[in-house]
Chemist: 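Sharing a structure here in C-alpha cells format.
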Amino acid sequence: MQKVIVALLGLLSCSALALIDTRFPESPTYMSKANMIRFQYMSHEGAQCTTGINTKLISRVPYYVYAPATGITQIKTGKYAAVIFLHGMGEQGSSVLNMCYTRDDAYYASIATNLIKVENQAGGPGAAILNGQFIPQENMVVIIPQSMQRGGFSTDVIRRVIADTTVQLAAKGIELDADRIYLTGLSMGGGSVFNYIAANPTHFSAAVAIEAAGGIDPCLVRANNVSLWGFAGGASGNMGAGNLRTIINSNTSCPEATIEYTNPAYTCRYNNKSCTLLSALRPNNLRATFMPSNGHSGWREVYNGTHSALPATEKNIYNWMLSQKNSDQGKPLFPLDYDTVSSSSAASSTALSSTPSSVPTSSSSSSIASTASSIASSVASSTSSTASSSIMSSANSSAANGGTPAPILLSPAMILPGAIGNASALVDEQNATAPTTYWFAGWSTAIYPVEAIIDLGREYTLTEITLYDANGTGLVEFSDGDLSHSQAVIVSDSLTRYLKFTSYPINLTTRYLRVKKFNAANMNEVKLMGY
C-alpha cells in the first residue's frame, strides 16, 4: 500500500487540481452475475466553478469502477490488476455536460443517466460484467470513463481517472497493482489507446485495440516492446483493418520483431518474412487478429470471449493481459501518482506549443477531384459575385485597421460550397475558449483528405493562423486558396496539442484560405489575424 499512500499524498498536495466531485453520488451497485460492486465517480480538473457562472472546465469525466466483491455490499480487499476501457463515439456524453453548474441536481442526474451508455451499449468489459461473461483467471478492477466530447480521451484524462480510482479504492482497502495496469478500447477509444501509447509507450503492461479509429508508428511499437493485441474487421477498406495492416506490415527500418496473427484476412509479412501463426507466448509480443465476417464491429464478442476469431485455447483476452507485466518487460511500474507525470507532460506540452512548426510541406495525397473542382468553381464565381453581408461586414471592420494586424471575424457564410461534411464548424465558435463543434466529413478513409476554402470577402495580408486541436491526432494543412497563386502549404500541424489552441505566424496575401483535413484529424475552430 505504500505506493498508493505516496500517490494519495501527491494528489492531495496539489490544490490547483480538483479531484472527485463529491456532489456526484458514489452509488454502489452490486453486479450479481460477476460478483462485483460498481461505483460511479466524476473527476475534473481546472478552475473551480463560480456560483452563477457557467464556465467550462478543462475536463469533466464521469466513470464507473468495478471492484471484486465478497457479497452484495462488501468489497473484497487486496491488491489487484486493473484494466481501463475506452468506449467508441456512440457512447460519449452530451456536450452540454461539459458545462459547470454549481447547484443543479438535475445536472448530476443527467450525467448518471448518460454514463449508463458505457456499459451494455458499448459492448465492452462493462457489458461482459453485466451479463456474467467477465471471467478472468483472477480478480481485476475495471475502470470505464465516459468521454464528454467528440475526439476521444486525452492522455491526461486517462491518467487522472486511474489516479483518482487509486485514491478512492485505497480508502476501501484495495491497492492497484502498478505492475499490471492495462488499456483497451474500441473504435474512437481504440484510437485513444494508440495516442496514449505513442506518448507514453512504457506505461501500460499491455494494450488491446479493437477497430481502432487511428494508427500508431509501428517502429515505436517494436522499439519499445509494446505488448499490443490488435483486432480488426476483415471487410475490404475497413478503417480498423487498414490501420492494423499498417502496424504489422511496417517498413524494414523497424527493429526485428515476431508478429502473431490469427484468421488472416490479409497476408502478414514483416521484413519479407511471413508472420508467425500463433507462436509460443512471450512476455512482449505484437498480435494481430482479423475478423473476416465483421466490418466495423465484433468487439462485444471479443470482450465477452465468444468471437470465433479468438484462438480456441485463448478465448479470454483478460487472461492474456494478466500474463503481461511491466517488470517482465524491463519497464517502470505504471505511474499511479498523476501529478508527477502530469507535470512533466505539461512542461513538454508548453515547449511544443511555444515553437510550432510552420515549415512548408507537400501534401501526401490529393483530395477528391470532384470536391476540388467544385471548390475551384466556387472560388472563380465568388470573385465576381456579391459577398454575403456577414463577409463584407467583417472585411470592412478589419480594413479600418490599415496595416495593423487585428482579428478577422470568420463565420459559416464564408465557407465556399463544395466541401464535404459540415465544414462550417471550422468557423462557427470564434469567441469560444473551448470550441465543441468540429468538421466531420465521414468515416470512410477513401474520401480523405478533404478540403474547404474560406472566402474572406476581400484580399487580406494574413499574419497569424490559430487552430484548436480536438482529437490529439491527425494532420491538417493550410495553403493559399487562390488558384492563381502558389498552392504551397504554409502551415502543417499534426495535432499533438489536445484541447489547446496553437498559433502560427504567417505572411500571406490572399482572399481565399484553403484548409485540408486528413483522416482522424479533428479541428474545432480556425481563427485568423491580418489587415
Side-chain angles (χ1 to χ4, degrees), residues 149-152 154 188 191-192 194-195 198 213-215 217 239 243 349 352-353 355-368 371-372 375 408 410 412 414-416 418-430 432 434-456 462 464-481 486-506 508 510 512-529:
Q149 59 185 7
R150 294 180 184 273
S154 72
M188 178 185 77
S192 295
F194 286 157
N195 289 343
D217 180 0
M239 172 179 63
N243 291 331
S349 176
L352 283 173
S353 297
T355 57
S357 170
S358 58
V359 177
T361 60
S362 48
S363 168
S364 60
S365 58
S366 59
S367 64
I368 302 176
T371 303
I375 292 177
I408 303 172
L410 306 179
M414 294 181 176
I415 302 294
L416 293 183
I420 297 176
N422 60 328
S424 61
L426 290 170
V427 292
D428 64 343
E429 297 175 282
Q430 290 289 285
T436 58
T437 61
Y438 74 104
W439 178 19
F440 179 65
W443 287 113
S444 174
T445 57
I447 68 173
Y448 291 94
V450 291
E451 295 182 351
I453 291 182
I454 303 172
D455 179 4
L456 303 177
L462 302 179
E464 186 179 275
I465 292 177
T466 297
L467 61 89
Y468 188 84
D469 176 3
N471 201 23
T473 186
L475 176 65
V476 293
E477 293 178 345
F478 294 83
S479 60
D480 192 334
S486 168
Q487 302 300 299
V489 175
I490 56 173
V491 166
S492 178
D493 191 304
S494 56
L495 299 181
T496 59
R497 304 166 189 89
Y498 183 72
L499 300 184
K500 291 182 176 64
F501 281 104
T502 302
S503 297
Y504 294 86
I506 63 170
L508 173 65
T510 186
Y512 303 99
L513 183 68
R514 184 189 310 275
V515 185
K516 179 176 288 189
K517 174 177 134 42
F518 293 76
N519 192 23
N522 285 342
M523 178 174 56
N524 281 21
E525 197 72 10
V526 174
K527 299 182 180 182
L528 298 177
M529 293 280 290

Chemist: What's the separation between atom CZ in Arg514 and atom OG in Ser479, rounded to the nearest 0.5 Å?
Modeler: 5.0 Å
Chemist: Looking at residues at least two apart in the chain, or sitting in another chain, which of them share a side-chain hydrogen bond (donor to acceptor under 3.5 Å, both in side chains) with Asp428?
Modeler: Thr437
Chemist: If I take atom OG1 from residue Thr502 and atom CG from residue Leu495, how far apart are they, to the nearest 0.5 angstrom?
Modeler: 8.0 Å
Chemist: Heavy-atom distance under 4.5 Å between the side chains of Trp439 and Asn422, does that happen here?
Modeler: yes
Chemist: Tell me if a side-chain donor or acceptor on Glu477 pairs with a main-chain N or O of Lys516 at a distance below 3.5 Å.
Modeler: no
Chemist: With heavy-atom distances below 4.5 Å as the criterion, would you say the side chains of Asp480 and Ile490 are in contact?
Modeler: no
Chemist: Between Ile454 and Ile415, does a side-chain contact (heavy atoms from CB on, under 4.5 Å) hold up when you go through it step by step?
Modeler: CA-CA 5 Å; Ile454 303 172; Ile415 302 294; 3.8 Å; yes
Chemist: Are Lys500 and Asp469 close enough that some pair of their side-chain heavy atoms sits under 4.5 Å apart?
Modeler: no
Chemist: Within this structure, what is the CD1-NZ distance for the pair Ile420 and Lys517, rounded to the nearest 0.5 Å?
Modeler: 10.5 Å
Chemist: For a quick test of reading the model, state the closest non-hydrogen atom pair linking Thr510 to Leu456 and the distance between them.
Modeler: O-CD1, 4.1 Å
Chemist: Please examine the side chains of Val526 and Thr466, heavy atoms only from C-beta on, and report whether any two atoms are closer than 4.5 Å.
Modeler: no
Chemist: Any chance you could measure Leu462, atom CG, to Leu528, atom CG, to the nearest 0.5 Å?
Modeler: 5.5 Å
Chemist: Do you know the tightest heavy-atom contact between Ala423 and Ala419?
Modeler: CB-CB, 3.8 Å
Chemist: side-chain hydrogen bond (donor to acceptor under 3.5 Å, both in side chains) with Ser424: which residues, sequence neighbours excluded?
Modeler: none
Chemist: What I'd like to find out is whether the side chain of Pro435 reaches to under 4.5 Å of the side chain of Phe501, using heavy atoms alone.
Modeler: yes
Chemist: Walk me through whether Leu508 and Ile465 qualify under side-chain contact (heavy atoms from CB on, under 4.5 Å).
Modeler: CA-CA 10 Å; Leu508 173 65; Ile465 292 177; over 6 Å; no
Chemist: Taking C-beta and beyond as the side chain, do Leu410 and Leu426 meet within less than 4.5 Å on heavy atoms?
Modeler: no
Chemist: Side-chain contact test, heavy atoms from C-beta onward, threshold under 4.5 Å: evaluate it for Leu467 versus Tyr504 and give yes or no.
Modeler: yes
Chemist: With rounding to the nearest 0.5 Å, note down the distance linking CD1 in Ile408 to CD in Gln430.
Modeler: 10.0 Å
Chemist: Can you name the closest pair of heavy atoms from Ser492 and Leu475 and give their distance?
Modeler: OG-CD1, 3.4 Å
Chemist: Check whether any side-chain heavy atom of Lys527 sits under 4.5 Å from a side-chain heavy atom of Tyr468, and report yes or no.
Modeler: no
